[in-house]
Amino acid sequence: MFQDKNARIIKTESWGNYFLLRLAAAEIAQKSKPGQFLMIRVSPGLNPLLRRPLSIHDCSGSEVEIFFQVTGKGTELLSQKKPGDHLDVLGPCGGGFSLLPEFKDKEIFCVGGGRGLAPLYFLARELQTAGARPVVFYGGQTLSDLPLKKRLDEAGWETNFSTDDGSFGFHGLVTQLAEKELMKRKPSFLFGCGPEAMMTRLAEICQQAVLPAEFSLESIMGCGLGACWGCSRKIKKNGEIKYLRICQDGPVFPAEEIIWSGD
Ligand SMILES: Cc1cc2nc3c(=O)[nH]c(=O)nc-3n(C[C@H](O)[C@H](O)[C@H](O)COP(=O)(O)OP(=O)(O)OC[C@H]3O[C@@H](n4cnc5c(N)ncnc54)[C@H](O)[C@@H]3O)c2cc1C
Ligand code: FES
């Protein structure tokens with residue numbers, strides 16, 4: 001992991017309260033894998049004190065991208081950054097999604113709800129490079145919650161969209177759309193990221209379909225480095241229930257190890 005105190009913002013894009021920033025951060029970019037995240041200091045002052053965790057949305061050469069939704073003060077401050085500004089960034093943090101050689105030529109479902117699509121773009125790109133066939137599902141409440149639609153349309157893999165209000169794509173939840181597709185085809189694996197309720201349902205669907213899966217979990221984080229245990233969560237590991245740190249032991253976990261908050 002590296003600390004880049006001067007990661008320069010080279011591009012920003014926005015759609016309502018969703019933002020994309022591209023940063024020049026060579027050391028971090030060279031080591032980044034899909035599913036890992038950055039810990040970003042959003043203010044030079046003490047408020048907010050804690051760095052904010054954000055997934056690596058894409059990565060190429062010496063550049064990394066983040067895609068985020070404004071949900072509070074930290075992301076609001078980050079949304080105000082402009083090209084030429086610098087950020088203090090730690091990364092890549094955590095472990096990534098499993099990219100297995102046996103995925104070659106296989107269909108792999110990548111299911112994202114809202115801002116949960118963030119880590120799946122980089123993942124789908126890497127899957128495609130490795131010869132797998134990513135099938136991306138991108139769901140939101142309404143069309144304006146699908147700001148990455150154009151980017152996904154241009155990516156060259158299959159993408160299926162859903163909106164809760166039917167304003168675009170399948171009318172319903174992204175979990176319902178994924179379930180519908182699972183009745184027609186047999187992917188080899190599923191990766192998911194999104195709100196806890198969405199991932200809980202997706203995990204049930206995968207279990208019923210006997211489909212192996214991994215999910216990227218979220219938690220409020222203190223250090224992001226494994227030191228404070230502020231992000232700990234009960235996980236089933238080798239039949240034993242333990243507290244593990246989402247920042248260090250995750251954020252990606254196999255479906256069968258996750259104890260969902262409703263369980
Ligand atoms: C590994 C990881 C990767 C993430 N990747 C992304 C991403 O790519 N894009 C994105 O938009 N968001 C992502 N998040 C969530 C993001 O970190 C939080 O939305 C952000 O830290 C909120 O900070 P804030 O100061 O804006 O809000 P705050 O004022 O701190 O909080 C606003 C609300 O968000 C909740 N919240 C705060 N921090 C988190 C958190 N870490 N996870 C979940 N809820 C939180 C609070 O409980 C509160 O309800 C990720 C979280 C984790 C743990
Ligand atoms: S945030 Fe400190 S241990 Fe995970």
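First listed ligand is number 1; within each ligand, the first listed atom is number 1. In this text the structure is predicted, and so the values were computed from the model without any measurement.
- Listed by number with element, the atoms of ligand 1 under 4.0 Å from a non-hydrogen atom of Leu54 are 4 (C), 5 (N), 6 (C), 7 (C), 9 (N), 10 (C), 12 (N), 13 (C).
- In summary, the side chains of Gln208 and Glu204 do not present any donor paired with an acceptor at a separation below 3.5 Å, with no hydrogens or angles considered.
- Looking only at heavy atoms of the protein, atom 4 (C) of ligand 1 is closest to Pro53 O, 3.5 Å.
- Atom 2 (Fe) of ligand 2 forms the vertex of an angle spanning SG of Cys223 and SG of Cys228; to the nearest 10 degrees it equals 110°.
- Heavy atoms of Ser219 come nearer than 4.0 angstrom to ligand 1 in at least one pair.
- Distances between N or O atoms of Ala118 and those of ligand 1 include no value under 3.5 Å.
- Lys31 forms no cation-pi arrangement with Phe2, by the criterion of a distance under 6.0 Å to the ring centre and an angle within 45° of the ring axis.
- If you check which protein heavy atom lies closest to atom 10 (C) of ligand 1, you get Arg115 CD, 3.4 Å.
- If you check each of Arg52, Glu218, Gln36 against atom 30 (O) of ligand 1, the one with the closest non-hydrogen atom is Arg52.
- Leu173 places none of its side-chain heavy atoms less than 4.5 Å from the side chain of Met198.
- The line from CG of Asp164 to CG of Asp145 is 8.0 Å long, rounded to the nearest 0.5 Å.
- With hydrogens left out, the protein atom closest to atom 9 (N) of ligand 1 is Phe67 O, 3.0 Å, a heavy atom.
- In this structure, Lys237 does not pair ionically with Glu240, as no charged nitrogen and carboxylate oxygen lie closer than 4.0 Å.
- The part of Ala227 lying near ligand 2 is the backbone, judged by heavy-atom distances below 4.0 Å.
- In this structure, Lys236 does not pair ionically with Glu256, as no charged nitrogen and carboxylate oxygen lie closer than 4.0 Å.
- A salt bridge does not link Glu76 with Lys73: every distance from a Lys NZ or Arg NE/NH1/NH2 to an Asp or Glu carboxylate oxygen is 4.0 Å or more.
- If you number the atoms of ligand 1 from 1 as listed, the ones under 4.0 Å from a heavy atom of Phe68 come out as 9 (N), 10 (C), 11 (O).
- Here the heavy atom of the protein found nearest to atom 3 (C) of ligand 1 is Ser55 OG, 3.4 Å.
- Listed by number with element, the atoms of ligand 2 under 4.0 angstrom from any heavy atom of Gly222 are 1 (S).
- Considering only non-hydrogen protein atoms, atom 3 (S) of ligand 2 sits nearest to Trp229 N, 3.1 Å.
- Given atom 37 (C) of ligand 1, the protein heavy atom at minimum distance is Ile220 CG1, 3.7 Å.
- Taking every heavy atom of Thr75 and a limit of under 4.0 angstrom, the matching atoms of ligand 1 come to 24 (P), 25 (O), 26 (O).
- For Phe103 and Phe189, the gap between ring centers is short of 6.0 Å.
- A salt bridge is absent between Arg125 and Glu65; no separation between the charged side-chain nitrogens and carboxylate oxygens falls under 4.0 Å.
- Applying ring-ring contact (aromatic ring centres under 6.0 Å, His included) to His57 and the options Phe67, Phe68, Phe19, Phe122 leaves one that passes, Phe67.
- When each atom of ligand 1 is checked for a heavy atom of Met221 under 4.0 Å away, the hits are 53 (C).
- Counting only heavy atoms, the protein gets under 4.0 Å from atom 47 (O) of ligand 1.
- Among the backbone and side-chain atoms of Cys231, none of the N, O or S atoms lies under 2.8 Å from atom 2 (Fe) of ligand 2.
- To the nearest 0.5 Å, the span separating CE on Met39 from CG on Leu54 amounts to 9.0 Å.
- The closest donor-acceptor contact from the side chain of Arg51 to the backbone of Asp88 lies under 3.5 Å.
- A cation-pi arrangement is present between Arg245 and Trp229, with the terminal nitrogen or guanidinium carbon under 6.0 Å from the aromatic centre and inside a 45° cone about the axis.
- If you number the atoms of ligand 1 from 1 as listed, the ones under 4.0 Å from a heavy atom of Thr71 come out as 19 (O), 22 (C), 26 (O), 27 (O), 32 (C), 33 (C).
- Listed by atom number, the atoms of ligand 2 under 4.0 Å from Gly224 heavy atoms are 1 (S), 2 (Fe).
- Residue side and main chain included, Cys247 places no N/O/S atom under 2.8 Å of atom 2 (Fe) of ligand 2.
- Using a 4.0 Å threshold on non-hydrogen atoms, atom 35 (C) of ligand 1 does not count as touching the protein.
- Side-chain contact check for Ser98 and Glu214: at least one donor-acceptor pair (N or O, by modelled atom type) lies under 3.5 Å.
- In terms of protein heavy-atom proximity, atom 27 (O) of ligand 1 is nearest to Gly72 CA, 3.4 Å.
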